[in-house]
Number of protein chains: 4
Amino acid sequence: MSSVAQPLSDESVPSAAAVPDPPRQRDAERTRAEILDVATQEFADRGYAGARVDEIAAKTSTTKRMIYYYFGGKEQLYVAVLERAYKRIRSLEQQLDVEHLDPVQAVRELACLTFDHHEAHPEFIRLVSIENIHRAEHIARSEALSGLANPVLDVLGRILARGWDAGLFRDDVDALDVHQVISSFCVFRTANRHTWRVLFGRDMLDAERREHQRRMVGDLVVAHLTAR
Amino acid sequence: MSSVAQPLSDESVPSAAAVPDPPRQRDAERTRAEILDVATQEFADRGYAGARVDEIAAKTSTTKRMIYYYFGGKEQLYVAVLERAYKRIRSLEQQLDVEHLDPVQAVRELACLTFDHHEAHPEFIRLVSIENIHRAEHIARSEALSGLANPVLDVLGRILARGWDAGLFRDDVDALDVHQVISSFCVFRTANRHTWRVLFGRDMLDAERREHQRRMVGDLVVAHLTAR
Amino acid sequence: MSSVAQPLSDESVPSAAAVPDPPRQRDAERTRAEILDVATQEFADRGYAGARVDEIAAKTSTTKRMIYYYFGGKEQLYVAVLERAYKRIRSLEQQLDVEHLDPVQAVRELACLTFDHHEAHPEFIRLVSIENIHRAEHIARSEALSGLANPVLDVLGRILARGWDAGLFRDDVDALDVHQVISSFCVFRTANRHTWRVLFGRDMLDAERREHQRRMVGDLVVAHLTAR
Amino acid sequence: MSSVAQPLSDESVPSAAAVPDPPRQRDAERTRAEILDVATQEFADRGYAGARVDEIAAKTSTTKRMIYYYFGGKEQLYVAVLERAYKRIRSLEQQLDVEHLDPVQAVRELACLTFDHHEAHPEFIRLVSIENIHRAEHIARSEALSGLANPVLDVLGRILARGWDAGLFRDDVDALDVHQVISSFCVFRTANRHTWRVLFGRDMLDAERREHQRRMVGDLVVAHLTAR
DNA sequence: GATGAATGAGTATTCATTCAT
DNA sequence: GATGAATGAATACTCATTCAT
């Protein structure tokens, strides 16, 4: 019901507010966006096979026919959902600004920003889990995604370079390794939240434990990089 | 694809050996086990909604009817798969033996063993991802699983206690925090392998990078625990 | 076997007339009605559990899928059949007109009309028998049916009132008692026709005995009401 | 759960009490009887198509195999249930003794006894309804049933003869007509109890209304027979 | 006689997709 | 662009019955 992508979608919000409808023009774009919003929610919620085209259509203000009209089918809709989700995430990552900090502070800050970022977009984490179950076959085929630049890696690369120059960081790990460490921690909390809660009785996303966990990821990566 | 249950199933192997199978009237335990083997593979491969009862039956030497005879339905079969998978993993974890090492070595060894362990059971990691997509509703309802003890935590608890006593480890993280750090890294490599490969061009499970990654998880947790 | 709904369905007849049916896109009401016609026949013929959705669909010009599209499932279809059947019967009962007769004639006439009425709708009697086997659980849950007015009772109530005023009728039976007497006789002939025939060698619906039986129900209720 | 057939089965009760098991002898008879008891309950409860062989077996102390061993199949079991039920009813009817009364008293008494009789055996009424849904095809094929004498008819025939001789009864109805009147009323109360309750809000089997109804059937048949 | 395992044909239901208007 | 009706292939599940021991 309530929009899934809201935290991400500055663009999709105005559809409700704003102008009194230019006769018939951006309707197409608006309809597409609405379908994508609902589909994102449904696919993230139930997986690709578990999501229902009927259900997606029903939660939309248009009809099932439009899904086929705009996207061609369930699979293409799913790919479109993935593409939009990845693009939004990447565009947010563009705004990272940690390069004014010293390398140690910068890497800690980057970890924390990634932490916040993933916590704000659980449905994106779920989509990624789902896509991994499918062995990433859809994003592999998507031209839009396979060529998508990765801002975090660039930022991280420059921080590491400065750290190495200053003799602060170990040099047997590269940017992708560090990104893996950060991502592992930040993704796992959300992706495996439910089984963890049942098996260990602790909710990794519990608000009370949030600060502790946030400090932990920073400590972790800094300790690792600066260990003698 | 690659045999799912083999690495785990000393018990299930004899089905291949022994007698040449009198046409009917095999035996209950063998039939059950065979269905579970195939179902584990199928559910891990395609998810709960994506797996097909017909397909599972077809890959079995018995019929679909037997799935309902022994398990009652698709969902119960899925739960039985989860239960067996968790029990096997737990039983392997029972065999952990790192307590003769000094705390730092012990925690590093534990991280490495967890690393090996998860790498050996990718289908288990997949099942866990899938169950998280379903918000762990099935294991939450399973009496067999919600009460399952967790050997790793006990072992880790004792190591930390020794480390604290010796003033070696920071004391603002508990056993579950440390387990989370280790699990995050070890699970993520397998769970997110495919999207990572497509997006970053690196296979986190690549054999050539294995030792590097294995050292990394040890370094990570030790550095974190011993950081001043 | 013999057309079920015909005697009742002025509305459903046009389906046979009109246009020669553009292949697809018939119209909703017609499709619904056709399914209900066939389902009425099948459920009356074989009972709820004995009727087959496949068989109903096969006797229809549409497909099984439409049954689920319009009704949701076998049980809801059965309820829809009951609802339509009861509504039709009630609507026919609305047309009763015996109040211009003196009370004795009126009650006899009412009995005879009920007799004719039930004889004309054997499939309705069968549906009622079937629903009683199910302890009326379906009509109990149907809002459409539990609130359905009962014209016969009103008519009967007014006749009895006149008879009591005139000192013609005994006053220790109420309208529902009288309706029970009439219904028992009229329903039993049809509902128990087959076992009666086998066990006693007499067909209670034999055309030759019809007038005799019709007079009997009138005599019965009049004699009862007017007995000193 | 609570035994259906109890009111009927003086013979089947001792199975639990009595002798300490003659090594293995009447076991066959006892097993047969137990199956029939459970099957009677199940068929009466759910109809022929609705009853489940598995369910019948499960409610038995033996296994499904025995149903096939003793009866051959579901249909034959159903026929056996009908045969036993009819035989028991007939045998109870043998005990009717109203011939010492004057014709009017006798016919009233007969009606009341029939009333009591049917009220005591609702599961028999249900079986008869069910068999009528199947157009009596099973009892028609049963040699045991098609030749079964009907004690009530004989008794009734003798009472009517006396009444005619005495000029008390109308002579345009025969014994079977009178039996039909009585049966209609007595069967209808039980057979159509549930729909009647839902549609008219009155339970025809309500204990408080029992005496009223019992008097009614007597009044009814006497008034009818003696009407001038 | 008795038992649990096994079976195949059936049976209700669902789903992505398309058509006519 | 938009809509409700329609479809066929799948999909989960059930049932009476039989076999091996």
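Convention: sequence-line order gives letters A, B, ...; per-chain numbering from 1.
Distances shown here put a side-chain N or O of D:Tyr68 below 4.0 Å from the OP1 or OP2 atom of F:dT17. A sub-4.0 Å separation between OP1 or OP2 of F:dT14 and a side-chain N or O of D:Arg52 is absent. At the phosphate of F:dG1, neither OP1 nor OP2 sits under 4.0 Å from any side-chain N or O atom of A:Thr31. An OP1 or OP2 oxygen of F:dT3 is reached within less than 4.0 angstrom by no side-chain nitrogen or oxygen of A:Arg65.
In this structure, B:Ala51 reaches the sugar-phosphate backbone alone: every heavy-atom distance under 4.0 Å involves primed, P, OP1 or OP2 atoms, never a base. Contact annotation for B:Thr63: backbone-only contact, meaning every heavy-atom pair under 4.0 Å involves sugar-phosphate atoms and none involves a base. Within 4.0 Å of A:Tyr70, counting heavy atoms only, lie sugar-phosphate atoms of the nucleic acid but no base atom.
Across C:Arg30, C:Arg84, C:Arg32, a single residue satisfies salt bridge (Lys or Arg N to Asp or Glu O under 4.0 Å) together with C:Asp37, and that is C:Arg84.
Rounding to the nearest 0.5 angstrom, the gap separating the CG atom in A:Asp54 from the OG1 atom in A:Thr63 is 11.0 Å. Note that CG of B:Leu36 and CD of B:Glu83 are 10.0 Å apart. Values are rounded to the nearest 0.5 Å.
The interatomic distance linking D:Gln76 (CD) with F:dA16 (P) rounds to 13 Å, in whole Å. When the C1' atom of E:dT21 is taken as reference, atom CG of C:Asp27 falls 13 Å away, rounded to whole Å. The distance from atom NZ of A:Lys64 to atom C1' of F:dA6 is 10 Å, rounded to the nearest whole Å. For C:Glu42 and E:dT11, the CD to C1' distance is 14 Å, given to the nearest whole Å. Here the C1' atom of nucleotide E:dA9 and the CD atom of C:Glu55 are 16 Å apart, to the nearest Å. Spacing between atom CD1 of B:Ile67 and atom C1' of E:dA5 amounts to 15 Å, rounded to whole angstrom units. With rounding to whole Å, C:Tyr48 atom OH is found 8 Å from E:dA12 atom P. Distance CG (A:Asp54) to C1' (F:dT3): 14 Å, rounded to an integer number of Å.
Comparing D:Val53 and C:Met66 by the nucleotide of DNA chain F whose heavy atom lies nearest to each, the residue mapping closer to the 5' end is C:Met66. A residue-by-residue look at C:Gly72 and B:Tyr69 shows that B:Tyr69 has its nearest nucleotide of DNA chain E further toward the 5' end.
Under the 3.5 Å distance criterion, with hydrogens and angles disregarded, a donor-acceptor pair is assigned to the side chains of D:Ser61 and D:Glu34.
Searching all strands for a Watson-Crick or G-U wobble partner of E:dA20 with both distances below 3.5 Å returns F:dT3. With a cut-off of 3.5 Å on both Watson-Crick or G-U wobble distances, the partner of F:dA9 is given as E:dT14.
Looking at heavy atoms from C-beta onward, A:Tyr78 lies in side-chain contact with A:Ile130 at the 4.5 angstrom threshold.
Nearest to the side-chain atoms of D:Lys74 among the listed nucleotides F:dA12, E:dA16, F:dA16 stands F:dA16.
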